[in-house]
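By convention in this document, chain letters (A, B, ...) are assigned in the order of the sequence lines, proteins followed by strands, and residues within each chain are numbered from 1.
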2 protein chains.
Amino acid sequence: MPNATPFQTGLRQHRRKLTRGRQVILDIITQATRHLTPAEIYRQARDKYPQLGLTTVYRTLDLLVELGYAQRVHLEESCHSYLIATRAHGHHLVCSTCGRAEEFAECDVNALVRLLESRTGYAIDAHMIELMGKCPNCQTKLRAHNARKK
Amino acid sequence: MPNATPFQTGLRQHRRKLTRGRQVILDIITQATRHLTPAEIYRQARDKYPQLGLTTVYRTLDLLVELGYAQRVHLEESCHSYLIATRAHGHHLVCSTCGRAEEFAECDVNALVRLLESRTGYAIDAHMIELMGKCPNCQTKLRAHNARKK
DNA sequence: TTTGTAATTGAAAACGATTTTCATTTAGAA
DNA sequence: TTCTAAATGAAAATCGTTTTCAATTACAAA
Ligand SMILES: [Mn+2]
Ligand SMILES: [Mn+2]
Ligand SMILES: [Zn+2]
Ligand SMILES: [Zn+2]
């Protein structure tokens, strides 16, 4: 099997199949210079492959992320949770198990901002920094749970 | 008018009214140690104020964010756009006008992570960093547009 | 206190994004 | 070529959010 693409190889390793829809979708996000929503990808994909279903677009994007061929971008709008505001400029450290959150103000992005502005020409005016982990409580519970299981 | 709360004062300054629903919602997120979705807030609020509508919860949260009494947290799940993955560990600088994105790998969070781990006891295992700004193209267009308007 | 009015409300419907279901098709190993 | 697990598309269900609208309410002004 000569000339297998990395995508073909990756799929085979995970016992997944290469289909026309998957190839078309990967091609689209490969060529894009901007982030695309599932609906946008669906519209573009149907030009090349009209019978493609939107469901398959969602499933394929999940697969591409899982296999590392695509990544998600988080945008400002929609799908939020809310926390009381205690500082003007706050970022959060959120427990991925229970949702508990600690606020922090330290964020030293100036050096990074300057570097990227000169590299890309963008005028950077905002940033989003969030850290995820396990809170002390959840760590304790998890340890107890693991001990019991042993 | 003695003893006005900061919330009452803030509302009056913006010519908004203090209602029972608004007070209940602010109380809930004030007492919470975790982030809460609109649906979660709605459920809790109805214990204290059964006739409250979910619509009002959404409207109130927008208001609280606008006035600076609440802030939004972005979570891992739902509401994404997608980009091709070109690096194992990539963050993005996204143009807020056209959506164009540049990937970058520099992210120096180790010092921050250590500081916060010792301060909070969390075991930090992930982070989300995204920068927003205007790409060179959009800056040019914007400048041209402003010049024409003058 | 009463009045006037803009702000606010809740119910219902509309909306948009995402997921589930299920019968059918298909990629690719054997 | 055969066989089967994987994948598919259409439709319906589900979920979060917004819009609409007539009724209510907070509160400034009289
Ligand atoms: Mn910051
Ligand atoms: Mn990083
Ligand atoms: Zn926790
Ligand atoms: Zn742009």
Side-chain angles (χ1 to χ4, degrees), chain A residues 1-5 7-26 35-46 48-67 69-70 72-82, chain B residues 1-5 7-26 35-46 48-67 69-70 72-82:
Chain A
M1 191 140 328
N3 292 9
T5 66
F7 187 40
Q8 282 178 314
T9 308
L11 286 170
R12 190 153 335 113
Q13 283 171 358
H14 291 261
R15 250 167 254 137
R16 317 301 288 270
K17 297 175 179 175
L18 177 60
T19 63
R20 177 100 187 272
R22 288 176 174 177
Q23 188 62 62
V24 167
I25 291 169
L26 180 60
H35 57 85
L36 298 170
T37 63
E40 288 170 334
I41 292 166
Y42 176 59
R43 261 178 262 127
Q44 291 192 30
R46 276 168 61 118
K48 300 184 188 173
Y49 188 32
Q51 73 263 39
L52 180 69
L54 177 57
T55 315
T56 298
V57 174
Y58 277 98
R59 289 191 281 228
T60 299
L61 289 171
D62 286 346
L63 176 72
L64 291 177
V65 170
E66 188 192 326
L67 301 192
Y69 294 98
R72 296 187 233 264
V73 186
H74 302 270
L75 304 178
E76 222 6 83
E77 343 85 42
S78 258
C79 288
H80 300 115
S81 271
Y82 292 84
Chain B
M1 193 135 329
N3 293 8
T5 66
F7 187 41
Q8 281 178 313
T9 309
L11 287 170
R12 189 149 339 110
Q13 281 170 358
H14 291 261
R15 249 167 254 137
R16 317 301 288 271
K17 297 174 180 176
L18 176 60
T19 63
R20 175 102 187 272
R22 286 175 176 179
Q23 188 63 61
V24 167
I25 291 168
L26 179 60
H35 56 85
L36 298 171
T37 63
E40 288 170 333
I41 292 167
Y42 177 59
R43 265 180 259 126
Q44 291 193 29
R46 276 169 60 118
K48 300 183 188 177
Y49 188 31
Q51 72 263 39
L52 180 70
L54 178 56
T55 315
T56 299
V57 174
Y58 278 98
R59 288 191 283 227
T60 298
L61 289 170
D62 287 346
L63 176 72
L64 291 176
V65 170
E66 188 190 326
L67 301 192
Y69 294 97
R72 296 186 233 263
V73 187
H74 302 268
L75 304 178
E76 223 3 87
E77 342 86 39
S78 260
C79 288
H80 302 116
S81 270
Y82 291 83

Whole-Å distance between [N] [atom2] and [X] [atom1]?
X: R72(B); N: dG16(D); atom1: CZ; atom2: C1'; answer: 14 Å
X: L52(A); N: dA7(D); atom1: CG; atom2: P; answer: 15 Å
X: I25(A); N: dA7(D); atom1: CD1; atom2: C1'; answer: 12 Å
X: Y42(A); N: dT19(C); atom1: OH; atom2: P; answer: 16 Å
X: R15(B); N: dT25(D); atom1: CZ; atom2: P; answer: 24 Å
X: Q8(B); N: dA7(C); atom1: CD; atom2: P; answer: 19 Å
X: Q13(A); N: dA6(D); atom1: CD; atom2: P; answer: 17 Å
X: L61(A); N: dT19(C); atom1: CG; atom2: P; answer: 11 Å

For the side chain of [X], counting heavy atoms from C-beta on, which of [options] is nearest?
X: Y49(A); options: dT9(C), dG9(D), dA6(D); answer: dG9(D)
X: P38(A); options: dT9(C), dT18(C), dT8(D); answer: dT18(C)
X: R12(A); options: dG10(C), dA29(C), dT20(C); answer: dA29(C)
X: T55(A); options: dT9(C), dA12(C), dG9(D); answer: dG9(D)
X: K17(B); options: dT25(D), dA6(D), dT9(C); answer: dT25(D)
X: Y58(B); options: dG9(D), dG16(D), dT8(C); answer: dG16(D)

### Task
Select from L11(A) and G21(B) the residue whose nearest nucleotide in DNA chain C is closer to the 5' end of that strand.
G21(B)

[X] to [Y] - nearest heavy-atom pair and separation:
X: F7(A); Y: Y69(A); value: CA-OH, 3.7 Å
X: A45(A); Y: L52(A); value: CB-CD2, 3.4 Å
X: I25(B); Y: L61(B); value: CG2-CD2, 4.2 Å
X: Y49(B); Y: R20(B); value: CD1-NH1, 3.5 Å

### Query
Base, sugar-phosphate, or nothing for L18(A), non-hydrogen atoms under 4.0 angstrom?
sugar-phosphate

### Task
Please work out if R59(A) contacts a base, only the sugar-phosphate, or nothing of the nucleic acid, heavy-atom cut-off 4.0 Å.
base

### Query
Are OP1 or OP2 of dA7(C) and a side-chain N or O of T19(B) less than 4.0 angstrom apart?
no

### Message
Just to verify, which of R46(A), E40(A), Q44(A) counts as forming a side-chain hydrogen bond (donor to acceptor under 3.5 Å, both in side chains) with Y42(A)?
### Response
R46(A)

### Task
Tell me which of R20(B) and L54(A) sits closer to the 5' end of DNA chain D, going by the nucleotide each one is nearest to.
L54(A)

